[in-house]
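Single-structure report; data block below.
In what follows, every chain begins at residue 1, and chains take the letters A, B, ... in the order their sequences are listed.
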Amino acid sequence: MSLLQIDQLSVRFGATMALDSLSLAIAAGETLALVGESGSGKSTAALAIAGLLSHQATVTGTIRFDGQALTDWRGVRQGGIAMVFQDAMSALNPVHRIGAQVVEALRLPRAEQRVAAARFLDQVGLPQPERLVDAYPHELSGGMRQRVGIAIAVAQNPRLLIADEPTTALDVTIQAQILALLRDLKARLGLSLLLVTHDLGVVAETADRVAVLYAGCLMELAPAAALFTSPHHPYTQGLLEARPPFGTQAPMLAELVEIPGQLPRLDPPPAGCRFAARCDRADQRCRAEQPVLRPIADTLVACHHA
Amino acid sequence: MVDQALSRRTVLAASSVLAAGPAFAQAQPRRGGTLQVAYNTEQRNLNAAMVASNAVFLVASKILEPLADAVYGGVGLTPKLATGWNAASDGLSITFELRRGVKWHDGRDFTSADVQYSALEVWRKLSNFGRSVFRSLETVDTPDAHTAILRFSRPTPAQLIWNALPDLTAVLPRHLYEGTDVAQNPRNQAPVGTGPYKLAENRPGQFVTLERNAEYWDAGKPYLDRLVFRVMPDKGAISAAHEAGQLQLSCFSSVPLADLKRLQSLPALSVSNRGYEASPYHALIELNLRRTELADVRVRRAIHHALDLPRVVADVFDGFGTVGTGPVPTTSQLFYTTDTPRYGFDLARANALLDEAGYRRGAGGMRFQLKLVPAPWFDYTVLLGDYIRQALRQVGIDCQLQRFDAPGHLQAVYRDHQFDIATGSPVFRNDPAISTTVLYRTGTPPGVPWSNQYGYASQAMDQLIDQAAGELDPIKRVALYHQFQRLAMEDLPVIPAVEFSFLTVADRRLRNVANTPRWAMSNWADLWLDA
Amino acid sequence: MKPGQLGQVVRRRLAHAVPVLLVVALATFGLLKLAPGDAVDVLIATGGGGDAALAADLRRAYGLDQPWPAQLAHYLWRLVQLDLGYSFVHNRPVSHLIWERLPVSLLLMASATAFAVGFGIVLGVSAGQTPGGWRDRLILSVGLVLYAMPSFWVGLMLILIFAVKLALFPVGGFETAASDLTGIARVLDIAWHAVLPTVALALLFVSVYLRLMRAGVVEVASADFVRTARAKGVGATRILWAHVARNALLPVVAMVGVQAATLLGGAVVIESVFSLPGLGRLAYDSVLARDLVVLLGLLLTSAVIVIAINTVVDLVVAALDPRVVAR
């Protein structure tokens, strides 16, 4: 049975359909990458799972975690789901000490807090954790801050770790270290990992399966190896062609995609295939009828032409 | 009763009618209690021998005593540190018999040496009004410890001295002042006197506390244990404190005019204008005779005719006042005369006089423009300025109001003469020679407040004033002052518009309130608080 | 903040202060010399009058007959020797006058600041929690009304309601006159007297701080670290206070320093209405009496107070915000 089961999850912000009928599952110990450009709905999906949607969001569909339905979209996911954020500088409270932030939600006696905090900091590979507990965020480098962000997540003893663009703000060498840390933690703690990213390089290194989102819709869901070798959806194909050579720093995807055109407006979303306007294979049917996901080998694809 | 100590001869020599004792039938006074009194304008110098002013006397008169104080009726004087007084017929000496068995608050005996020192070193040299009254005081002889003889270099009217006794003869302890700079003596903030109350604590900005002097010479008095003068610069707060019952007494109109009606309606409080008859004020309208238009007496009279003074008394003064008829107030039984020219409210007459003077109405119906500077001393003097402006518009005189704070007003009016019409508020102190003739006499240099700074110059007036100042015969002297009043109203350099005095707000349980004509400045030895 | 920085902060503040103090002293001196009338005029007038010779004697005694550059030079020379001079109006050294009134003003300022900051924070957080909600609109409206009300009027209204009608507090004064209270009883008596003036003085500043706090709360509430706190399961109350309010507090604290001078100014009126013997009333009386030497002394004292408060605020900000190194 899957650790996380998402069925027909839709999220609206007013008239804007940010996420449209997403269905996904993540197995225990699996790493699923959620890929897409800005506005694709991947962060919305991550926040919905983490229970961090804002008050403006309207949610339909279900999410089951470990068999239990999550009903509160703005509630705390205690004891199972934790999240690591993109910008580790702003994600840490500037006026609280690192140690205090790591163990803040753990309800530990005061005397045990320092030791516990140091242990979590040590777990994410930070040097001299006993000294770091007393440091403030601004005294740390970007990579160290992201490790602290991960330590905060780990401190919650999660089974699913959601990492939202965890390496975007970092330079390349640090990116590799953070990815290595995530893989290591996953292995050591038996975590499932939901990796939200636009960086296909990161995906290739880390993910077991990949879900490609475009304009709020799931376009393709495939094992990582299959996706990279034989992408089925025209959008995925476009993404892979646009991918920079391995190992070089990946700029923001939006700047780099050579697919002509831009994301459609989603208030309301267009009829038919969301990608139709930018697709060179689009025809009358694509513009009229929204394609449903259908299996091709071990891949699911939403395209009339695949 | 103390009056018996006065010999009939002494009183006759004073050429006045003798006072009967206080005629207030009283219940048996109750002993004890603390009185909370508002102290609206805190004074830095409580040396009443040096500074004769209301706010100083309010506190200091309970500690320091004069030779005699004012009472209602008769000669108007009651003995304090002097028990008798006698003037020589040549006007060159006055003999005071001093009270025996009086002790200073520090235990020393009060003697004639104290009077001698106070008169020569303080009254004559430092006192704001004493400097003129005692100008020709030469020596003070002390043949024994209880006799002091003031000797003058020029004949000095005894009448003037008697009238000056309450305000200008506070006696200081020689042993604490001699050999010091009197103006800088720390005792000015913590006076030691002979009075019914002793200073307990003077906390600047907060309060002055006085305690009962058990050794007071008038055995059995005072009745109250303690007086607390609370420094309260805001009049609104004083009225609130009255209403809350946290204050039993405020003198010298220390509540806002706007609150009077409400305070009068409270059953626990009484509001009265009695007890100020010895220091009545005039709301004065000063006309700058340096202005061509105002140099013409017809214009000055026209201005007087344009003022509806009974209405001013009713509206501006809430009825607590009287229409003024001359420089001497109606309350001065000795000097007042009704025989003065009057200028009743008569717009037709005012217009005719202005036409006659050659100031015809021009464009917009206005004849000429004047700068009107209302004095900031009282609500009254400010409001009167507003009234004058309205009233003079009706006869075609356009007034431009210009307001100053206190020092600004003093400089603009009394030093720089930068005004055409000003309001003012001189006080009459028992005798025209003390603070009234100076309003009409020439020769005061610029910069002296409450003197003739409006350019009035009349030889006849100067002669009359000088003659009265040197006249020894009291009856002739009074007659000269009657003439003075007539001439003042004839020439009309200033318009004594309204006579007013202050209001006292008192807890109704207080007994013996306002039982003398300068009560707030008296020693309150007989004041008591009923249960 | 590291040890040694305290001294550095104070020294830097003082170094900035000296030229400022000099300029302001010169300006005040000039303005007062331009204002019509002098201390002797007022002394004579408040003394009930007097003759010209008396005025001349007094002017000579007080040095007012000297040309003004000589008066200024004399004053500055004494100032260099840390002598604030002698007031002839009060017949006392200026330093005594100021020293005697300093505690009252400091107490009033401290209590009003504490009240204003305290209520400003609570109301600002309450309003900022749900921007645009009824509570927010209500609190902002009340704040605007508080801001618009003149403090003397607020003072008199407080007196009428709480001292006269309800008789809960004294009408005015620093403590019960001649009460002979000592120790804790006297402290309580002073505190009881301080309640109404504190509230009257503080209300205006409550509105200043509450709006600042509200704006901060609204802004900080959408910060990433607040989302982090939610993600890790921190309770709503703790998020509000330990994360949102704690960060929104920083500009409020900085504002305390800015408002210090305004507070001193506002105290003039409150001290009069409540019969408190503070520096503000001394300043007001000194203007009316043209008591130049006291005014200059007060000015310097006020400047020192403002500088001291700002130094303290700097230190508090540095303690509250680890990113701020005491500059």
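If you tally non-hydrogen atom pairs under 4.5 Å between each of A:H96, A:R97, A:E104 and chain C, the highest count goes to A:E104. With chain C as partner, the option from A:V95, A:L106, A:V84 having the largest number of non-hydrogen pairs under 4.5 angstrom is A:V95.
Both tests hold for C:R211 against C:Y147: distance to the six-membered ring centre under 6.0 Å, angle to the ring axis within 45°.
Residue C:A236: no heavy atom, backbone or side chain, is found under 4.5 Å from chain A. With a 4.5 Å cut-off on non-hydrogen atoms, C:L250 touches chain A through its side chain but not through its backbone. Interface remark: A:E139 contributes no atoms to any contact with chain C (heavy atom separation under 4.5 Å).
Within the 3.5 Å criterion, the main-chain N or O of C:E219 finds a donor-acceptor partner in the side chain of C:S222.
Ion pairing between a basic and an acidic side chain is recognised when a charged N comes within 4.0 Å of a carboxylate O; A:R114 and A:E130 show no such pairing.
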Exercise. Is there a side chain to side chain contact (heavy atoms under 4.5 Å, CB included) between C:F225 and C:N247 once you walk through the steps?
Worked result: CA-CA 11 Å; C:F225 62 79; C:N247 277 277; 3.4 Å; yes

Exercise. So A:I98 and A:D134, side chain to side chain contact (heavy atoms under 4.5 Å, CB included) or not? Walk me through it.
Worked result: CA-CA 6 Å; A:I98 296 298; A:D134 291 326; over 6 Å; no

